[in-house]
Protein chains: 2
Amino acid sequence: MQRDETVTPPLSIQQQPELVLIELLFYAYRDFVSDPDVVLAKFQFGRAHHRVVHFVNRHPGMRVADLLDILKITKQSLGRVLKQLIDTGYIEQVPGPVDRRQRLLYATAKGRALDQRLTEPQAERIRAALAPLGPEGRIAAERFLRLMIDPAERDKVAQMIEH
Amino acid sequence: MQRDETVTPPLSIQQQPELVLIELLFYAYRDFVSDPDVVLAKFQFGRAHHRVVHFVNRHPGMRVADLLDILKITKQSLGRVLKQLIDTGYIEQVPGPVDRRQRLLYATAKGRALDQRLTEPQAERIRAALAPLGPEGRIAAERFLRLMIDPAERDKVAQMIEH
DNA sequence: AATTTATGTCAGCCTTGTTGACATAAATGG
DNA sequence: CCATTTATGTCAACAAGGCTGACATAAATT
């Protein structure tokens, strides 16, 4: 009994050249996000904690709703890891000065130190990748990745990144 | 009581320019991997099934060990979703003709069709991102992503991608 | 014949995502 | 001022998909 493998050819790069970038994205991201795992393990934290402490550190005083909008997860999912980070002193909450329903989020010194340790190996990977490329290579990589973001999100993301 | 937010400044792009690419990778990948979710939901599958059916389709006759090496997960984790894909007829196993311990993996016609439906929205996103860039932009994006892969993996990945 | 290799499987645990329901305090609109 | 909306938190339960450890089988290799 023969397999039906010749009925339709499997996806090939020739017929679908986007496969190269699709797969490169997978492999690159796979290795990129594994960098901080060693550090995370020492702190008994996971990748979710990394994301939270990072974005809070990058946007001091951000609202919980802002963080949810970046991470695209539910408040219950966020709540769990956020609570752990607050209880262990990596993040603190401050009532919003104008709207006191808000709990503005700040990384503590401890939280900033953690974020820096987590970010360091990723930054090193980026530097190593950019080294052989020159400034135009960097610009091109940034431009491509920006265009990979949902159009409706692009301006918001651009503003958050530039500061 | 004052917060200690001024003890150390939060990470800023000025002091760490790699942050731009670090965060762009997060945002781009976040949206990129969410594309197939709509399709996956219809089939009662998750992102893990997507990855498995995709790489099996792309590398017909691959060994289980090869798949593990790509995904970088344990055989138990793979086993669970692979079994589901086999039981529902998206993937089939064939004993290795030379080494009969091996179970070579093939996507069935059904599996190939599924992979194509899953890949389509991602390919569309790639095409849309490349459209304003020109051929050099594509080359640059590929070059950057290749350099983001672990050096020890690069050649292997390059060979797998090119065919 | 003994060992190693490729694969599968059982059992249990952890992280991190989900839904749904409900609670509270503060802002806002009539 | 009261009703409603908003920002946030919380409880409970569940699901996906990682993980470890132990053990089983068949086939290849030494």
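Residue numbers begin at 1 in each chain, while the letters A, B, ... track the order of the sequences.
A salt bridge does not link Arg112(B) with Asp115(B): every distance from a Lys NZ or Arg NE/NH1/NH2 to an Asp or Glu carboxylate oxygen is 4.0 Å or more. The pair Arg127(B)-Glu124(B) meets the salt-bridge criterion, with a side-chain N (NZ, NE, NH1 or NH2) lying under 4.0 Å from an Asp/Glu carboxylate O. Contact check on Glu153(B) versus Lys156(B) returns a salt bridge, with a Lys/Arg side-chain nitrogen under 4.0 Å from an Asp/Glu carboxylate oxygen.
In this structure, Ile73(A) atom CD1 and dA15(D) atom C1' are separated by 16 Å, rounded to whole Å. Atom pair Arg80(A):CZ and dC11(D):C1' shows a separation of 12 Å (rounding to whole Å applied). Between the CG atom of Leu68(B) and the P atom of dA6(C) there is a distance of 11 Å, given to the nearest Å. Between the CG atom of Leu104(A) and the P atom of dA26(C) there is a distance of 14 Å, rounded to whole Å. Regarding Lys83(B), its NZ atom lies at a distance of 17 Å from the C1' atom of dG17(D), rounded to whole Å. Rounded to whole Å, atom C1' of dT8(D) lies 11 Å from atom CZ of Arg63(A). Leu67(B) has its CG atom 11 Å from the P atom of dG18(D), to the nearest Å. The CZ atom of Arg101(B) sits 17 Å away from the P atom of dT3(C) (whole-angstrom rounding).
When each of dT9(C), dT7(C), dT5(C) is scored by its nearest atom to the side-chain atoms of Gln76(B), the top-ranked nucleotide is dT9(C). Side-chain atoms of Thr74(B) lie closest to dC19(D) of the nucleotides dT9(C), dC19(D), dG9(D).
DNA chain C is contacted by Gly46(A), Arg47(A), Ala48(A), His49(A) of residues 38-50 of chain A, taking any non-hydrogen atom closer than 4.0 Å.
Listed pair Arg51(B) / dG18(D) meets the phosphate criterion, a side-chain N or O lying under 4.0 Å from OP1 or OP2. Dashed line: the shortest gap from a side-chain N or O of Gln102(B) to OP1 or OP2 of dA28(D) is not under 4.0 Å. The side chain of Ser77(A) contributes no N or O atom lying less than 4.0 Å from OP1 or OP2 of dT16(C).
At least one donor-acceptor pair under 3.5 Å links the side chain of Gln122(A) to the backbone N or O of Phe32(A). With Asp150(A) contributing its side chain and Ala152(A) its backbone, the two residues share no donor-acceptor pair below 3.5 Å. The main-chain N or O of Gln116(B) is never found under 3.5 Å from a side-chain atom of Thr119(B) such that the two would form a donor-acceptor pair.
Along DNA chain C, the nucleotide nearest to Leu82(B) and the one nearest to Leu78(A) differ in position, and the one closer to the 5' end is contacted by Leu82(B).
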Please determine whether side-chain contact (heavy atoms from CB on, under 4.5 Å) holds for the pair Gln44(A) and Gln84(A), giving the CA-CA distance in whole Å, both sets of side-chain angles, and the decisive distance to 0.1 Å. CA-CA 11 Å; Gln44(A) 308 251 65; Gln84(A) 296 170 21; over 6 Å; no

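Val98(A) comes within 4.0 angstrom of the backbone, heavy atoms only, and of no base.
Taking only distance into account, the side chain of Lys75(A) meets the base of dG9(D) through a donor-acceptor pair shorter than 3.5 Å.
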